[in-house]
Trainee: 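Quick one: the structure is below, and I'll ask about it shortly.
Numbers here simply count residues along the sequence, with the first being 1.
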Amino acid sequence: MPPSSIDPRGPDETLEVVVVDYDAGNLRSVRRALEHAGARAIVSDDPRAVSAARAVVLPGVGAASETMEKLRQRRLVEPLLDVIASGRPFLGVCMGMQALFDFSEEGGSHPCLGVLPGRVVRFETDAPVPHMGWNTLDVVSSHPLLAGIESGAHVYFVHSYYPVPGEAAMVVAETEYGGRFASVVARDNVMATQFHPEKSGRTGLAIYANFVTLARARTGAAAGPAPR
């Protein structure tokens, strides 16, 4: 989709990224990471702001049922789906990744956004659950979101559930924790990480910078200030 069809304001403005606020997630850290990458980050729970966004980040922690209920209460489900359907860059983080799949088995079976095929399941392992702390990425597929990031890079996780994608082709990186699970997925304009890039030091900042670079290229936004 040409940039003009998703960005009527034209290419002369610095990229604005809307960080979706539904009372879940370290929004301040996400905003700072995006600003570090040279974007203008707008934290908002306004459906109109999400609908108009050039690019969107959906962060979050907590349970799938609570996440979906909050998104419905704030009338954010349709704007999120419209952004994704339009081809605009979209990044899901932690619970924001899990919410993209068909359903989650957390506390029963709860429908999610249904953007990506697959389900979200609980760790079945003798290792401590939740999976909390630093772990490594095994990059299994090339993708611009992980440009310059190699297997063995450390990132920070906090989760008890993880997605099982219905399509192997969407898996970009995996992580080992009592078995291998998809820790980065991507399909078309949708990207997602099970870990928190905003808590993952230089590697995480590089991931946000890659997302901003990709979003600029797809939307025609101006480069803005150089990353600090």
Side-chain angles (χ1 to χ4, degrees), residues 19 24-34 36-37 57-64 67 89-101 104-106 116-188 190-215 227-228:
V19 181
N26 193 350
L27 302 179
R28 183 177 298 179
S29 294
V30 175
R31 184 182 65 194
R32 284 201 303 260
L34 289 165
H36 185 276
V57 175
L58 178 66
V61 296
T67 293
F90 187 100
L91 177 64
V93 173
C94 198
M95 186 62 235
M97 175 191 197
Q98 296 180 12
L100 291 167
F101 286 86
S104 171
E105 296 180 2
E106 186 170 4
L116 301 177
R119 67 191 194 281
V120 176
V121 303
R122 194 176 194 276
F123 280 110
E124 297 293 339
T125 174
D126 293 332
V129 177
H131 171 212
M132 182 181 299
W134 296 90
N135 206 337
T136 57
L137 297 178
D138 179 12
V139 180
V140 298
S141 179
S142 176
H143 191 276
L145 186 66
L146 297 188
I149 297 170
E150 299 180 352
S151 292
H154 284 79
V155 292
Y156 191 85
F157 292 87
V158 183
H159 63 126
S160 299
Y161 288 75
Y162 64 93
V164 180
E167 297 175 0
M170 74 174 67
V171 179
V172 176
E174 297 178 331
T175 296
E176 176 72 30
Y177 194 74
R180 291 169 68 84
F181 67 91
S183 48
V184 182
V185 299
R187 189 176 70 170
D188 301 327
V190 177
M191 296 149 272
T193 70
Q194 181 57 75
F195 54 90
H196 290 273
E198 68 277 6
K199 297 182 179 179
S200 298
R202 290 184 179 180
T203 296
L205 289 177
I207 289 172
Y208 276 116
N210 287 340
F211 176 72
V212 168
T213 297
L214 184 154
R228 298 183 295 278

Trainee: Please check if the distance between the ring centroids of Phe101 and Tyr161 is under 6.0 Å.
Mentor: no
Trainee: Only one of Phe157, Tyr156, Tyr177, Trp134 clears ring pair (Phe, Tyr, Trp, His ring centres under 6.0 Å) with Phe195; which?
Mentor: Phe157
Trainee: Return the minimal non-hydrogen interatomic distance between Leu214 and Pro144, and the atom names on each side.
Mentor: CD1-CB, 3.7 Å
Trainee: Where the side chain of Ser151 meets the backbone of Val139, is there a donor-acceptor pair that is under 3.5 Å apart?
Mentor: yes
Trainee: A side-chain contact here means heavy atoms from C-beta on lying under 4.5 Å apart; do Asp138 and Arg180 qualify?
Mentor: yes
Trainee: Do Pro59 and Val19 have side chains that approach each other closer than 4.5 Å (heavy atoms only, starting at C-beta)?
Mentor: yes
Trainee: List the steps and the verdict of side-chain contact (heavy atoms from CB on, under 4.5 Å) for Arg119 and Val121.
Mentor: CA-CA 6 Å; Arg119 67 191 194 281; Val121 303; 3.5 Å; yes
Trainee: Main chain of Thr136, side chain of Thr175: is a donor-acceptor contact present, judged purely on distance under 3.5 Å?
Mentor: yes
Trainee: Looking only at heavy atoms, which two atoms of Gly178 and Thr125 are closest? And how far apart?
Mentor: CA-OG1, 3.5 Å
Trainee: Can you measure from CG (Leu137) to NE2 (His154) and round to the nearest 0.5 angstrom?
Mentor: 9.5 Å
Trainee: Which heavy atom of Met191 sits nearest to which heavy atom of Ala186, and what is that distance?
Mentor: CG-CB, 4.0 Å
Trainee: For a quick test of reading the model, state the closest non-hydrogen atom pair linking Pro163 to Pro165 and the distance between them.
Mentor: O-CD, 3.5 Å
Trainee: Could you check if a side-chain atom of Val171 sits within less than 4.5 angstrom of a side-chain atom of Ser141, using non-hydrogen atoms only?
Mentor: no
Trainee: Let me see the working for Val57 and Glu198 under side-chain contact (heavy atoms from CB on, under 4.5 Å), right down to the final yes or no.
Mentor: CA-CA 12 Å; Val57 175; Glu198 68 277 6; over 6 Å; no
Trainee: Would Val93 and Val30 count as a side-chain contact (heavy atoms from CB on, under 4.5 Å) if you check the C-alpha gap in whole Å, the side-chain angles of each, and the deciding distance to 0.1 Å?
Mentor: CA-CA 10 Å; Val93 173; Val30 175; 5.8 Å; no
Trainee: Going from CD on Glu106 to OG1 on Thr67, what distance comes out if it is rounded to the nearest 0.5 angstrom?
Mentor: 8.0 Å
Trainee: To the nearest 0.5 Å, how far apart are NE2 in His143 and CD1 in Ile149?
Mentor: 12.0 Å
Trainee: Do the non-hydrogen side-chain atoms of Val185 and Leu116 ever get within less than 4.5 Å of each other?
Mentor: yes
Trainee: With rounding to the nearest 0.5 angstrom, report the NE2 to CE distance, His159 to Met97.
Mentor: 9.5 Å
Trainee: Quick one: CZ on Arg202 to CD1 on Ile207, what's the gap to the nearest 0.5 Å?
Mentor: 15.0 Å
Trainee: Minimum heavy-atom separation for Val172 and Leu146, please, with both atom names.
Mentor: CG1-CD1, 3.6 Å
Trainee: Would you say Gln194 and Cys94 make side-chain contact, with heavy atoms under 4.5 Å?
Mentor: yes
Trainee: Do the ring planes of Tyr162 and Phe181 sit parallel (below 30°), tilted (30 to 60°) or perpendicular (above 60°)?
Mentor: tilted
Trainee: Would Leu91 and Leu145 satisfy side-chain contact (heavy atoms from CB on, under 4.5 Å), going step by step from the backbone distance to the final call?
Mentor: CA-CA 10 Å; Leu91 177 64; Leu145 186 66; 4.2 Å; yes
Trainee: Looking at Met170 and Pro117, what are the two nearest heavy atoms and their distance?
Mentor: CE-CD, 3.5 Å
Trainee: With rounding to the nearest 0.5 Å, note down the distance linking CD in Glu176 to OG in Ser183.
Mentor: 11.0 Å
